[in-house]
Structures are given as C-alpha cells and as structure tokens.
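Below, chain A is the first sequence line, B the second, and so on; all start at residue 1.
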Amino acid sequence: MIEESKTFEENKNWNRALEKKTEKKLNSLKWDFNPYSEKEIFSMDTPPPYTSGRPWHLGAAAQYSKIDAIARSQRMLGKEVLFPMGMDRNGIPVERYAEKKYGIRMRDTPREQFIKLCKESLDELEKEMFEILRSFAYSADFDNVYRTDSDEYRTLTQSTFIEMWKAGKIIRGTRPSNYCIDCGTTIADAEIEYKEMETNLVYFYFKIKESDEKILIASTRPELLGACSAIIVNPEDERFKNFINKTAITPIYNKEVKIIAHSYAKADFGSGAVMICSYGDYNDVMIIKELKLAEKIIIDTNGKMNENSGEKLKGLKVKDARKEIIEMLKENGTVEKIEKIQHRTPICDRSKTPIEIIPLDEYYLKVTDIKDKLENLANELKMIPEQHKQILINWLKVSTDWPISRRRYYGTEIPLWYCNKCNEPFIPEEGHYYRPWKENPPKGAVCTKCNGTEFSGDDRTFDTWMDSSVSALYVTKYLSDKDFYEKTYPLSLRPQGIDIIRTWLNYSILRCYLLTEKIPWKLAWIDGMGLDEHGEKMSKSKGNGIDPTLIIEKYGADAFRFWAASEALPGSNFLFSESRLQGTAKFLTKLWNIARLVNQFGIPENIDEKQINESDKWIIAYTERLTEDCRKGYETLNPFIPANKIREFVWNIFAPHYIELVKARAYGEKFSESERKSAVYTLNYVLRRVLLLLAPITPFITQTLWNELYKGESVHYQMMPEPNKYDDRLLILGNEIMEFNSNIWNAKKDKKASLKEEIKVEIPEKLNSVEKDLRSMHNIIS
RNA sequence: GGGCCUAUGGUCUAGCGGUUAUGACGUCUGCCUUACACGCAGAAGGCCGGGAGUUCGAAUCUCCCUGGGCCCACCA
C-alpha cells in the first residue's frame, strides 16, 4: 500500500521504467485454451513471424500489437480464445543469414553441417524475437510455441503433401525456371536482382519466304537464333503490316518461323520486330505459352550450347557463342548494325552472373483445374476490409500451377524416393517425418512399377509456403487430435498483412481446401503496411527501416501500441511519425495523472442512486455511450475505434469539463459529505470503466493502474463491461455544460483574468441542476 | 506496361447522401488554477486534388484527368 502510493508520488508521468515494473506480472498472466469450454470459441490463425532477428520491422510489430489487441478484447468479450504462437523458420532467409554469419556457401558445405548452423542461427534469432514480442506484452501462447521446422510440423507438411499426391493433385512438370549456371541450381524469383549492363543490340535480317523482302529484327541474344520460334511485331506498326502472318526464314539455320502480331512488340524499340526464342527472358516464356509455340532448348545446365545450336556453336559457353554467331551473321551479310545499349539484366544475387531460363523438372501443385472453385471460395470468404479481396481475386485470375520443389537445404524435405531401376517415384505413408536425402525409404519399400527394392532419395525441399500454408491445420491439431480439430476448425480468424495475400492467404486457402474442402477461417483480417514518414515502404534494403525496440524503449510499449491502434483503420497503410507517437505517450501520462488525482480521494463503497448529483449522472451517461462505441469497435475487430473514442473522451470531455467541474466537490470544499461521495464515486466509476475499455490496447498502464486503485484480479481477467441504460437528455445537459464552460473561459480570457478569478454571471435556467458545481468551478459570484 | 488502392487545414487522420467538416501533432496568444508545463485556456489555419455528371442537395455516388502508394511484369 505504502509502496504503491509512492509510485504515484514519485512519477508525474507514465514511462518505460514503470512498464518494466509490471512487465513480468503482465507476461505471466495465463489464458489456457479449453476447446470444451462453454464459452464461444474464438480461434486465431496468427502469423508465425519469420525468425529473422533484429532489427524487426516496425510495421510488423505494429501489426502484431493490433492482433494482440484483438485477442485481448475477444477474451474480455467472454470468448475462449486460441491465440497460438508460431515461428516460421524454414527457407532461404535463414540460409542466407547463416552463410553471411559463418562466411560459408550452402553448396560448398556438407548438408548436415549447414543445417546445424542454420538451426543454431535460428535459435539465437528466435530468442530475440520472443524478447521483442514480450516487450510489448504480446499475449499469445508462449508455453506451446510451434516451429515450422520441428519434426512435428514437418510431418504435417509432408503428410499433407502425401495426401495430395495420392489424390492426384501433384504433378511433375518441366517448365522454364530461373537457373543460375554458376550456382548450379534453380533459384527463386526473390533471389534475382537486376543490373544495368552494357550489351550489344544486334540488328540483322530474316528473309521472307513469300516474297523478296527482308525483315529486320534486333536482339541482344543472337546466340538463341537456333531456338527462334516466331517473330512478333506490333499490330499497329505500319512498317510491318504487310509482313503479318507471313513466314520468315532464319539466317544460318534456315528455319521457317511465323511473323505474328503481338502488342508486346514496341514499335519504338530496336527495329520494332522481336524474335521469340526459348528462352531469352520471361516474355519469351509468356509468348511461347500464349501462342503455343514449340519449345527448343539450346542451352544446357552447364551453361553451354547444346546440339540444337549447330556444329559451330555446340559446346561453347553462352558468352562465347554470342561472339561467334555475330561473326557468322556478319560473314553471312545479314547484319545491318550493332548498337551498344545499357540492358537491365537479371542476375543471380549471389554469384552476380546472368541467369538463364531453362526448363527443369519440378513438382507442381495443380491450381489451374480448380481455379473457378478457388474464385468462388475467395468470394465466399469474409474479409475486413472487404476491398482487399480484390487483390486475391485478381491474383487467382493470373495464377498458374504452383511450383513447390526447391533445390535447397534448410526446408521440409520432399518425401519421395526414386527406384534405381526404373526411376518410378516411391511415396511413403503419412504420419512420419522423412529425410530422403540421408535416409532409406521405410522398410519393405517396393517399387510399384518394377518391384525394385533399391531407391535414391529426392534431395530437394519444399517452397516454404508449403509449410506455412498449413498453419491453420497445425494449430487446430488436424493430424494429432480429432476432437480438438473438430472444435476449432475452421478457425474464427486469420489476421495478416496485405503484403502476403497472394502467398500466405492464397496458398492457405488452396492447401486447406484441397485437404478439408473448407475455407480454413470464417474471417480474414487484413492489415495495411507500415510506411516511413515519407510514405515509403520500410525495408532493410532501402535502409529506411526503424527498429521497434528503440521506439519502445524510448516511449514505452503502450505508447507504441496505442499509436498503432489509433493511427489508421485496419487495412490502411500507416505512416510512422515519431511526433505523433510522442502525442500518444502524452495521452497515457494524462490518464496516469487523472488516476493520481482520483486515487487521492479513496474508493467509496457503492452509493444510493438517489444520492448521485446531476453532473455526475451526465458523465456516467457519457461513459455508457462510450462503452457502446468501444464494444462495437472491439466486436468488429477494429481497435482504431476504441482507441480514438477513448482518447477523445478522456482528453476533451472527462478531464477538462467533468473533472474541473467536480474537483472542489471531491475535495469536499463547501459541499456536503453526500455530495462529495457522489463525486468520488463517479470519478472512480468513469476511470474504472476507461481502464477496462482500454485494457486490450494498452495492457501495461491499465494493469498498473488497476492494481494501484482497484486491486484484486488483473484488469486483463475482467469482462468488458456492458453499457447500462442512460437518458439522452443527460448528454444534452452535458453539451450545455461544456458550452457554458467555454463561454466563461472566453469571457475571462477577454478580460485577461486568471481562470480562478471571480466572475459575475447569470447561470442559465437549464443549468440549474448543476449550478453549485458551476459556481465552484468558475468562482461565480451572484 | 498491367492491376488494385488512395487524395480532407503545414503534417497525419475521422466522416461514406443533408452537421457551423472530426480529432491529433505543429504554429501563435495568455496562464506554474493544490492530478498533469509530457499541462490548462484561447486563436489562426480547409473553395474536402482538378474537371464533368447523377441528385432538390455531394467531401461523401458515377466518369475522366492529375498526383501518391502497393503488387505484378519489365524493354527484345
């Protein structure tokens, strides 16, 4: 008791040091999830953050703090809340992190050792991540953390793959992929960078079969001439109108190719005519697919020209072949000119060498045959805000089968072996975690095609989205606990960022639908992105990222959380601004000081309603309306509403108008004991209510104040109050009080009088019921 | 280049068919009034991006233009 009042005496403002005092207590509060509870279940498929360590993304931290506010508010609304804590730990980012940290390269490191180093990195990074999350009281279930690289999780990823394999949803296909010759592997789009490089744009002629004319084309990749399958020209380009649908003959190879009109060819670049080859770039891929042209492969996986390139080029490296064919074309007399141009070239971000597009054998999850169904599901899915659904729907229109295999080390292994005799894939049973790159297939494995018993394991891993897209199944115990699953699936909510709609949201719907024939959640809540103060996306590469830890240490977690909640509606992007965050810190100090004041008067026992003064009834009525608004906000998963409503109420109404009005009465000066009690009762009534309404957004200050003033069980274990009935006429009275106050303040201002100076003024009749308070507040004499 | 979103006082933000257009930060003026100077009170500051339309009536609905953001593609 003594120690507690000291907190108030010694601290005139709310700050991080005070938060630290309560952090341990706050983070030790438990909410065990009981799937058999009588309460309504609210289950969340929360995003497992990628374990990338400091500095974490400030925008992401803000998003997580809002998700936490949702979880906390749902608990206080009386729901049984499943709020899982996951860690996404597979894939390229950690591989890169480990390479950098240990100065190694994945492909030069024994796989076993590389995996070990990744794991060690992850464990360190994970610790940091937990600290950050705990520093702002993220209240997920830290006692049951799931990790996407655990044996259990990977078992789920593999089992669901096996299930889909058996159902015929997985296909094997050879499709053009990004290939780095230097690294000897397919690489993901995310691993490509672009670099301006000088290159030759070679202009040369094709003969026209049907006439004596020639067509001039321009190419930076003349060495691919042998793989040319068409020429395209813009349909609007007058120069080529006569050539459309005629046949051209390739120099040197003397092959016939069609001249086709396609808007991709731009009249103002090069000669205006483009040769389409398999594969110079992704436009070639697109156009060859679109026009159903024949694919001819001319570069092998060693980066050398193959037999399709002809005797002279065969065996040469791409670069040498380019030089050689230019010479050949010159000899042939078909070269018009050669221009030096700057060309934005895709290169491998590790080896910095140009990537080639080469068809490779990979696994795909079939999407194209259920696209209509997926679009229907997308339309069915409820989303907050609804408008972001368009992103998903647009994506579904253009998306193709999903390539799921990766030539990587740190990921969930593809659970397949191949018969050494006939190469037929062997797939094991569900329910185990398999590592085919170092393990034999299960005992008794027999090839289904040739009865062979010797196998080689697939050494590839899955795309990491294969793991994260079944988080909804993992947290509902799809494989391990049928009852639990029945109670919790589909989940109530998927909260996530707008930036991963096409990946996490899309793939989750796809995967879970294929396995369960249901959308995995009843509702998706899509938040916007945190941008820097100029409105640009924060990213490590741009160097404009802000470390949330520094902000939290400086201004406090509650200030940060309140800022995140109050800055923008869920779904909108939000700009980070330190000055506005400072503003929310000031609001918390305001609340702190209100509590210090109220605390002085002690806590009165309940009083008879008849004793409550009219001005007290007004602020109570206002509080009831505030409660209605806040509940509505929380019920619609929108912390923006309560945050702003509460701030407005506390700062603009409660403190300046009501507290000033009753302060003298609360001190008992010139008022009866009964009048005093009414004021103190009301002050506590309102403050208590505000703490409850604010608890999901600012857990630290509400925890501290609740404990100082009201003791007992934590504020976070309380129920969100229901609004009591109130008389609208009281709110009208309140408006009149506030208008009267402003008038008096203005009058004193005009006279340059201090606010406590005496003033002689008539009190309007309609304010008779609160006359005594007004007289004491403004020092009005008759 | 394609798509989506967005445009409200200096900055940010609410409003989504009829209000004197909300609030915050900043600015200016006065005040240390026994909770708070991280405060109190007051003030200035907006033809709600531009144009056309729908409507008795538009910041709010439609279309066009312009600027900003994001995602996708990316110059043979």
Side-chain angles (χ1 to χ4, degrees), chain A residues 8 11-15 189 194 199 201-202 217-221 224 231-232 263-266 268-277 280-284 286-287 341-344 346 385 387-395 397-399 498-499 501-502 528-529 531 533-537 555 559 563 566-569 571-601 640-641 644-645 647-648 651-652 655-656 659-660 663-664 667 669 741-742 744-746 748-750 752-757 777 779:
Chain A
F8 273 151
N11 291 286
K12 286 190 168 186
N13 50 27
W14 178 251
N15 52 51
D189 290 345
Y194 287 87
T199 190
L201 180 61
V202 183
I217 73 115
S219 174
T220 54
R221 304 290 308 266
L224 297 175
I231 288 173
I232 59 165
S263 61
Y264 171 69
K266 300 283 174 274
D268 56 358
F269 188 91
S271 69
V274 188
M275 72 172 191
I276 299 299
C277 307
D281 61 28
Y282 264 93
N283 283 295
D284 290 341
M286 202 183 76
I287 289 166
I341 59 160
Q342 288 296 316
H343 181 205
R344 209 160 162 248
Q387 77 227 27
H388 289 338
K389 223 151 96 171
Q390 203 54 42
I391 297 173
L392 176 63
I393 288 168
N394 290 344
W395 181 246
K397 286 202 169 85
V398 299
S399 67
I498 192 173
D499 53 331
I501 287 180
R502 288 175 175 157
M529 300 303 294
L531 309 175
E533 44 224 306
H534 309 294
E536 286 188 49
K537 191 177 171 178
Y555 298 105
W563 166 77
S566 64
E567 186 62 18
L569 283 164
S572 307
N573 290 345
F574 45 98
L575 273 68
F576 177 74
S577 151
E578 196 157 342
S579 70
R580 263 172 289 129
L581 201 140
Q582 253 165 352
T584 68
K586 284 183 190 171
F587 166 67
L588 297 176
T589 286
K590 184 75 187 175
L591 181 66
W592 177 251
N593 281 296
I594 288 168
R596 289 175 67 206
L597 172 76
V598 172
N599 184 53
Q600 288 178 43
F601 306 125
F640 178 89
I641 291 172
N644 282 292
K645 292 277 182 193
R647 173 164 56 187
E648 219 169 308
W651 215 328
N652 298 342
I659 293 183
E660 294 303 328
K663 203 150 79 176
Y667 277 114
E669 290 163 6
N741 289 343
S742 275
I744 301 289
W745 284 326
N746 265 321
K748 287 188 176 176
K749 176 94 174 174
D750 289 346
K752 296 201 167 141
S754 130
L755 289 181
K756 61 179 175 180
E757 201 158 304
M777 174 179 184
N779 201 6

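- A/Ser579 is linked by a side chain to side chain donor-acceptor pair (under 3.5 Å) to A/Ser577, counting only residues two or more places apart in sequence or in another chain.
- Rounded to an integer number of Å, the gap from A/Lys645 NZ to B/rA24 P is 14 Å.
- Checking B/rC12, B/rC4, B/rC36 against the side-chain heavy atoms of A/Leu575 singles out B/rC12 as nearest.
- Checking B/rC25, B/rU34, B/rC74 against every side-chain atom of A/Asn283, the shortest atom distance belongs to B/rC74.
- A sub-4.0 Å separation between OP1 or OP2 of B/rA24 and a side-chain N or O of A/Asn652 is present.
- For the P atoms, the distance linking B/rU8 with B/rG68 amounts to 14 Å, nearest Å.
- In this model, the phosphate group of B/rC40 is approached by a side-chain N or O of A/Trp651 to a distance below 4.0 Å at OP1 or OP2.
- Comparing the C1' positions of B/rG17 and B/rG53 gives a spacing of 16 Å, expressed to the nearest Å.
- Side-chain atoms of A/Asn746 lie closest to B/rA43 of the nucleotides B/rA43, B/rU13, B/rG39.
- The distance from atom CD1 of A/Ile641 to atom P of B/rU13 is 17 Å, rounded to the nearest whole Å.
- Considering only residues two or more places apart in sequence or on other chains, A/Trp592 meets the ring pair (Phe, Tyr, Trp, His ring centres under 6.0 Å) condition with A/Phe8, A/Trp14.
- Taking atom CD1 of A/Ile501 as the reference point, atom C1' of B/rC5 lies 11 Å away to the nearest angstrom.
- Using a 4.0 Å heavy-atom distance criterion, A/Phe640 is classed as a sugar-phosphate-only contact.
- For A/Asn15, the side-chain contact (heavy atoms from CB on, under 4.5 Å) test picks out A/Asn11, A/Asn13, A/Ala17, A/Leu18, with sequence neighbours left out.
- Taking atom CD1 of residue A/Ile659 and atom P of nucleotide B/rG39, one finds them 15 Å apart after rounding to whole Å.
- Of the possible polar contacts, none joining the A/Asn599 side chain to the A/Ala595 backbone as a donor-acceptor pair under 3.5 Å is found.
- Ranking B/rC12, B/rC36, B/rA14 by closeness to the A/Glu660 side chain, first place goes to B/rC36.
- For the P atom pair drawn from B/rG26 and B/rU66, the interatomic distance equals 38 Å after rounding to whole Å.
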Dump every N/O contact between nucleotides 27-32 of chain B and the protein below 3.5 Å, one line per pair.
residue, atom, partner, partner atom, Å
B/rU29, O2, A/Lys749, NZ, 3.1

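- Atom C1' of B/rG1 sits at a distance of 33 Å from the matching atom of B/rC16, rounded to the whole Å.
- Whole-Å rounding puts the A/Asn644 CG to B/rC25 P distance at 12 Å.
- Within the structure, every pair that satisfies the salt bridge (Lys or Arg N to Asp or Glu O under 4.0 Å) test and touches residues 572-598 of chain A, not counting sequence neighbours, is listed here: A/Lys554-A/Glu578, A/Glu567-A/Arg580.
- No donor-acceptor pair closer than 3.5 Å links the side chain of A/Ser219 to the backbone N or O of A/Val202.
- At whole-Å resolution of the value, CZ in A/Phe576 and C1' in B/rU11 are 15 Å apart.
- Side-chain proximity of A/Asn394 to B/rU34, B/rC4, B/rA14: nearest is B/rC4.
- The side chain of A/Leu531 lies closest to B/rG69 when the candidates are B/rG69, B/rA14, B/rU11.
- Taking atom P on both B/rA44 and B/rG3, the two are 47 Å apart, rounded to the nearest angstrom.
- In this structure, A/Asp284 contributes its side chain and A/Asp281 its backbone to a donor-acceptor pair below 3.5 Å.
- Taking atom C1' on both B/rU54 and B/rU60, the two are 13 Å apart, rounded to the nearest angstrom.
- Between A/Lys645 and A/Glu648 no salt bridge is recorded (no basic side-chain N to carboxylate O distance below 4.0 Å).
- Checking B/rA24, B/rU34, B/rG15 against the side-chain heavy atoms of A/Leu569 singles out B/rG15 as nearest.
- If you take atom C1' in B/rC48 and the same atom in B/rA59, they sit 4 Å apart, rounded to whole Å.
- In this view, A/Phe601 and A/Tyr667 satisfy the ring pair (Phe, Tyr, Trp, His ring centres under 6.0 Å) rule, not counting sequence neighbours.
- Looking at heavy atoms from C-beta onward, A/Leu597 lies out of side-chain contact with A/Asn593 at the 4.5 angstrom threshold.
- The 5' end of RNA chain B is approached more closely, in terms of each residue's nearest nucleotide, by A/Asn15 than by the other of A/Asn15 and A/Met275.
- Applying the 4.0 Å criterion to OP1 and OP2 of B/rG26, one finds that A/Lys586 has a side-chain N or O inside that range.
- For A/Pro656, there are no side-chain contact (heavy atoms from CB on, under 4.5 Å) partners two or more places apart in sequence or in a different chain.
- The shortest distance between the side-chain N/O atoms of A/Lys590 and the OP1/OP2 oxygens of B/rC40 is below 4.0 Å.
- For A/Glu648, the side-chain atoms get nearest to B/rG23 when compared with the rest of B/rC12, B/rG23, B/rG69.
- One N or O on the side chain of A/Asn573 and one on the backbone of A/Met529 form a donor-acceptor pair closer than 3.5 Å.
- A/Gln600 comes within contact range of the sugar-phosphate backbone alone, with a heavy-atom separation under 4.0 Å but no base atom that close.
- Within 4.0 Å (heavy atoms only), A/Thr589 reaches at least one base atom of the nucleic acid.
- Taking the side chain of A/Pro656 as heavy atoms from C-beta on, and the options B/rA41, B/rC72, B/rC5, the nearest nucleotide is B/rA41.
- Considering only side-chain N and O atoms, A/Ser742 lies under 4.0 angstrom from the phosphate OP1 or OP2 of B/rG42.
- Note on A/Ala265: a base of the nucleic acid sits closer than 4.0 angstrom, heavy atoms only.
- Base-pairing analysis of RNA chain B finds the following stems of at least three consecutive Watson-Crick or G-U pairs, with both pairing distances under 3.5 Å: B:1-7 with B:66-72, B:10-12 with B:23-25, B:27-31 with B:39-43, B:49-53 with B:61-65.
- Here A/Phe640 pairs with nothing under the ring pair (Phe, Tyr, Trp, His ring centres under 6.0 Å) rule; sequence neighbours left out.
- A/Gly272 comes within 4.0 angstrom of a nucleotide base, judged by non-hydrogen atoms across all strands.
- For A/Lys12 against B/rC36, a side-chain-to-base donor-acceptor contact under 3.5 Å is absent.
- Of the two residues contacting RNA chain B, namely A/Trp14 and A/Arg580, the nearest-nucleotide position lying further toward the 5' end is that of A/Arg580.
- Comparing B/rA73 with B/rG15, their P atoms sit 34 Å apart, to the nearest whole Å.
- When the C1' atom of B/rC12 is taken as reference, atom CZ of A/Arg647 falls 11 Å away, rounded to whole Å.
- Within the nucleic acid shown, A/Lys663 comes within 4.0 Å of at least one base atom, counting heavy atoms only.
- Going from atom CG of A/Asn573 over to atom C1' of B/rC4 covers 12 Å, rounded to whole Å.
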